[in-house]
Asks: 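Dropping a structure here in structure tokens format, bear with me for questions.
In what follows, every chain begins at residue 1, and chains take the letters A, B, ... in the order their sequences are listed.
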Number of protein chains: 4
Amino acid sequence: MPAPDPARRSERSRLAVLRATRELVTEVGYAGLSIEAIAARAGVGKQTIYRWWRSKGAVVFDAILALSEGSEGAVTLPDTGDIEADLKVVLRATVAEFADPAFEAPIRALNLEIASDPELAAEYRKRLAAPVDEAKKARLRSAQQAGQIRADADLDLALELLYAPLYQRWLLRSAPLTPEYADALVEHVLRALRP
Amino acid sequence: MPAPDPARRSERSRLAVLRATRELVTEVGYAGLSIEAIAARAGVGKQTIYRWWRSKGAVVFDAILALSEGSEGAVTLPDTGDIEADLKVVLRATVAEFADPAFEAPIRALNLEIASDPELAAEYRKRLAAPVDEAKKARLRSAQQAGQIRADADLDLALELLYAPLYQRWLLRSAPLTPEYADALVEHVLRALRP
Amino acid sequence: MPAPDPARRSERSRLAVLRATRELVTEVGYAGLSIEAIAARAGVGKQTIYRWWRSKGAVVFDAILALSEGSEGAVTLPDTGDIEADLKVVLRATVAEFADPAFEAPIRALNLEIASDPELAAEYRKRLAAPVDEAKKARLRSAQQAGQIRADADLDLALELLYAPLYQRWLLRSAPLTPEYADALVEHVLRALRP
Amino acid sequence: MPAPDPARRSERSRLAVLRATRELVTEVGYAGLSIEAIAARAGVGKQTIYRWWRSKGAVVFDAILALSEGSEGAVTLPDTGDIEADLKVVLRATVAEFADPAFEAPIRALNLEIASDPELAAEYRKRLAAPVDEAKKARLRSAQQAGQIRADADLDLALELLYAPLYQRWLLRSAPLTPEYADALVEHVLRALRP
DNA sequence: GAGTAACCGAGACGGTACGTCGCGTCTTCTG
DNA sequence: CAGAAGACGCGACGTACCGTCTCGGTTACTC
């Protein structure tokens with residue numbers, strides 16, 4: 001299998017596959033998703049998918065990535081000077097996103113794939129998570145300089161404290177995700193971070 | 001389809017299925033697991049599996065549940081009077097468990113199943129998570145009475161702050177799980193909970 | 001792959017496959033025949049075909065064999081006492097069969113398959129050709145005893161002289177197959193065989 | 001699709017394709033032969049094949065034709081004056097050819113192709129079979145004039161009687177092809193042809 | 001103790017999707 | 001502009017499992 005030549009790749013097919021994947025994942029869920037169906041919906045040969053993606057997970061990954069990359073560069077968090085208020089806005093937004101099935105389904109699919117494919121997980125971190133996390137840490141750093149967060153705080157850990165509980169509730173559906181929950185989360189975490 | 005009579009259920013088959021499932025999930029991973037293979041390995045007819053379990057996830061679920069239920073009732077956390085020390089011991093133990101592939105693989109399988117099957121998720125919470133969480137909260141409540149944790153702290157949220165970051169790192173392999181990480185986590189969270 | 005148990009074979013499926021094969025081979029020709037189409041037409045899973053037949057050729061083989069086996073045991077040639085007249089009747093009948101597309105197409109398919117699969121060829125000789133050839137030789141032997149054919153004639157070769165030219169014309173379409181041709185063939189061959 | 005200009009055709013590519021076809025047909029058999037593989041082996045684009053040949057069969061046809069055309073014009077049978085001896089030499093030579101896999105495989109491929117493609121069969125008769133048959137008939141005619149064969153014998157039929165049994169044995173592998181068989185065949189057929 | 005109804009193992013069945021191969025067409029670049 | 005290279009839509013391949021459905025053959029409960 002000589003590596004295919006990316007220069008000759010059909011852009012039309014690539015986009016059709018990503019669009020079909022997004023549509024299908026919301027329609028039939030991740031478990032019900034098949035390469036066969038994606039190819040059929042996209043009007044594309046199966047081989048074209050296998051030529052450019054390693055696995056079903058990789059397709060889903062790119063399908064979602066393609067969405068995010070529209071807003072590329074613009075990954076900045078609000079900064080009103082009030083870290084608590086700003087974080088609440090951001091986390092409430094995240095909660096809202098998770099409430100929308102059209103967003104929720106593909107992202108759940110992506111997370112399942114990442115959880116069972118370390119290679120995909122690495123790419124996910126590099127291309128999706130890292131930039132977003134960097135933006136979030138930038139906001140925390142700004143709060144640090146404003147004296148709202150301790151100078152010696154571990155920002156990576158801070159990020160996890162803020163987002164992991166929300167992530168866990170969503171993924172395992174262990175408890176409802178409400179705006180109030182987002183607020184409480186921010187308040188608790190900030191208590192640990194304040195000087 | 002008259003409901004099968006649990007009284008006539010073959011204990012030997014039940015155990016063989018659960019054992020085979022545990023073996024296979026560590027050998028081939030969750031994605032590579034099949035009812036067909038479980039039945040063959042267990043020396044059991046496929047129908048026997050379909051008769052007693054609703055889905056592959058349910059089998060995996062029971063296979064892991066069967067392990068935990070050996071230590072049933074004994075779900076108690078250490079209580080030396082020092083909440084910080086006790087939590088560090090417990091979280092370090094969790095980190096160690098996740099490092100062992102024989103434990104890690106089936107639990108990952110279980111989590112993937114739960115994440116994509118709400119019904120299973122509910123049963124998981126009721127039969128596995130709830131008792132364990134209750135034990136953990138009991139320890140926190142004891143610390144509350146000892147004045148080491150604020151009286152108005154939300155213990156459910158406290159639990160999430162303690163475990164979700166660890167869970168997320170493990171599931172997504174976003175960063176290494178070390179004993180030092182467990183310690184840092186406990187310290188940060190306790191800062192948010194202290195009076 | 002443990003050999004399947006013929007006792008549990010579904011007769012309904014077997015017949016459906018053979019019937020579908022016969023239909024399709026006349027409709028789309030042998031080259032256009034696919035296991036996929038046979039399975040679909042027969043309302044049968046592909047695996048069921050692969051379980052019981054080694055190859056597409058083997059299915060075609062059985063499909064045609066099934067037809068011939070209806071008239072089993074009755075493989076006898078006419079014997080009016082006049083070998084020349086009898087042979088002409090038989091060869092003219094063969095010519096007529098080859099003129100009927102419904103007969104011709106599957107038999108051509110079978111021959112192509114036999115020509116490229118020695119294993120199938122062996123089974124063909126044993127199950128189809130041998131009994132028929134034996135019947136033909138029986139008629140020649142009877143003529144021998146009647147003094148119409150030399151006592152030391154090689155009946156196997158005689159059979160080939162009678163049928164191979166006809167076979168070749170048909171298979172390669174090298175010249176038209178007419179009743180007159182059949183007659184001429186018989187006359188020539190008998191000249192070589194008479195005392 | 002304007003017809004390609006034969007004047008600009010690459011002789012190098014043409015020969016490479018024919019050589020590759022001959023090699024592959026002996027290596028993998030006719031069923032296992034693919035345009036894709038021929039193009040790869042010949043170091044030629046697939047389009048080049050599709051441009052100059054109508055089908056896989058046509059390529060095989062030309063590949064074998066190219067061999068025979070080396071000896072073109074020289075298609076003459078030995079004529080010692082003894083028709084029986086001469087025919088035995090020729091048929092024994094044919095038997096020997098069929099025993100050599102390097103000859104046998106492509107010729108079998110060609111015959112399968114001809115049997116399933118009437119158009120190709122016609123071209124085969126015109127370009128390959130007819131000249132050879134003419135040469136054979138020339139020898140028989142010579143024997144006729146020498147009084148070794150009846151004046152009113154049908155030479156076309158005579159040819160079939162001589163070659164078809166041999167052809168059938170070879171194609172269907174219905175019995176071994178030996179020099180003795182060739183001799184017996186000649187003797188029987190001549191008995192039918194003699195005055 | 002005989003009858004009988006369930007579970008049991010085994011595995012054939014109609015299906016769906018897999019990942020691969022080859023088809024014949026189309027596109028891009030090179031000599 | 002023929003030719004090499006090879007991506008493309010497509011269709012079939014032969015395989016793996018799905019969940020359902022018979023098959024005998026043990027059990028274990030009823031009369």
Asks: Any heavy-atom pair between the side chains of Thr26(C) and Arg22(C) that's under 4.5 Å?
Replies: no
Asks: Nearest whole Å is fine: how far is dT27(E) C1' from Asp5(A) CG?
Replies: 12 Å
Asks: Reckon Arg51(B) has a side-chain N or O less than 4.0 Å from the OP1 or OP2 of dC8(E)?
Replies: yes
Asks: Give the rounded distance in Å between these two atoms: CZ of Arg54(B) and P of dG19(F).
Replies: 12 Å
Asks: Sequence neighbours left out, cut at 3.5 Å: what donor-acceptor pairs do the side chains of residues 45-54 of chain D make with other protein atoms?
Replies:
residue: Lys46(D); atom: NZ; partner: Glu36(D); partner atom: OE1; Å: 3.3
residue: Trp53(D); atom: NE1; partner: Asp62(D); partner atom: OD2; Å: 2.9
residue: Arg54(D); atom: NH2; partner: Asp117(D); partner atom: OD2; Å: 3.1

Asks: Would you mind reporting whether Leu24(D) and Glu27(D) have side-chain heavy atoms less than 4.5 Å apart?
Replies: yes
Asks: Is any side-chain heavy atom of Leu172(B) less than 4.5 Å from a side-chain heavy atom of Asn111(A)?
Replies: yes
Asks: Would you mind reporting whether Val60(B) and Leu112(B) have side-chain heavy atoms less than 4.5 Å apart?
Replies: no
Asks: So does Trp53(C) get a side-chain nitrogen or oxygen closer than 4.0 Å to the phosphate oxygens (OP1/OP2) of dG14(F)?
Replies: no
Asks: With rounding to the nearest 0.5 Å, note down the distance linking CD in Glu23(A) to CG in Leu33(A).
Replies: 11.5 Å
Asks: Tell me whether the side-chain N/O atoms of Thr48(C) come closer than 4.0 Å to OP1 or OP2 in dG14(E).
Replies: yes
Asks: State whether the number of non-hydrogen atoms from other residues, nucleotides or ligands found under 6.0 Å of Glu119(A) atom CD is greater than 12.
Replies: no
Asks: Where along residues 32-41 of chain B does a heavy atom come under 4.0 Å from DNA chain F, residue by residue in number order?
Replies: Ser34(B), Ile35(B), Glu36(B)
Asks: When you measure from the side-chain N and O atoms of Trp52(A) to the phosphate of dA7(F), is any distance below 4.0 Å, counting only OP1 and OP2?
Replies: no
Asks: Without decimals, in angstroms, what is the distance between Tyr50(D) OH and dT27(E) P?
Replies: 17 Å
Asks: Under a 4.0 Å threshold between the charged nitrogen and the carboxylate oxygen, would Lys126(A) count as salt-bridged to Glu123(A)?
Replies: no
Asks: So do Ile64(B) and Val25(B) actually touch side chain to side chain, heavy atoms under 4.5 Å?
Replies: no
Asks: If you find the nucleotide of DNA chain F closest to Glu11(A) and the one closest to Lys56(C), which residue's nucleotide is nearer the 5' end?
Replies: Glu11(A)
Asks: Starting from C1' on dC8(F), measure out to CD1 on Ile49(A) and report it in whole angstrom.
Replies: 13 Å
Asks: Within the pair Ser13(D) and dA2(F), is there a side-chain N or O less than 4.0 Å away from OP1 or OP2?
Replies: no
Asks: Which parts of nucleotides 21-31 of chain F does protein reach within less than 4.0 Å, heavy atoms only, written one letter per nucleotide 5' to 3' as B for base, S for sugar-phosphate only and - for none?
Replies: BB----BS---
Asks: Arg12(B) or Ser55(D): which one's nearest nucleotide on DNA chain E is closer to the 5' end?
Replies: Arg12(B)
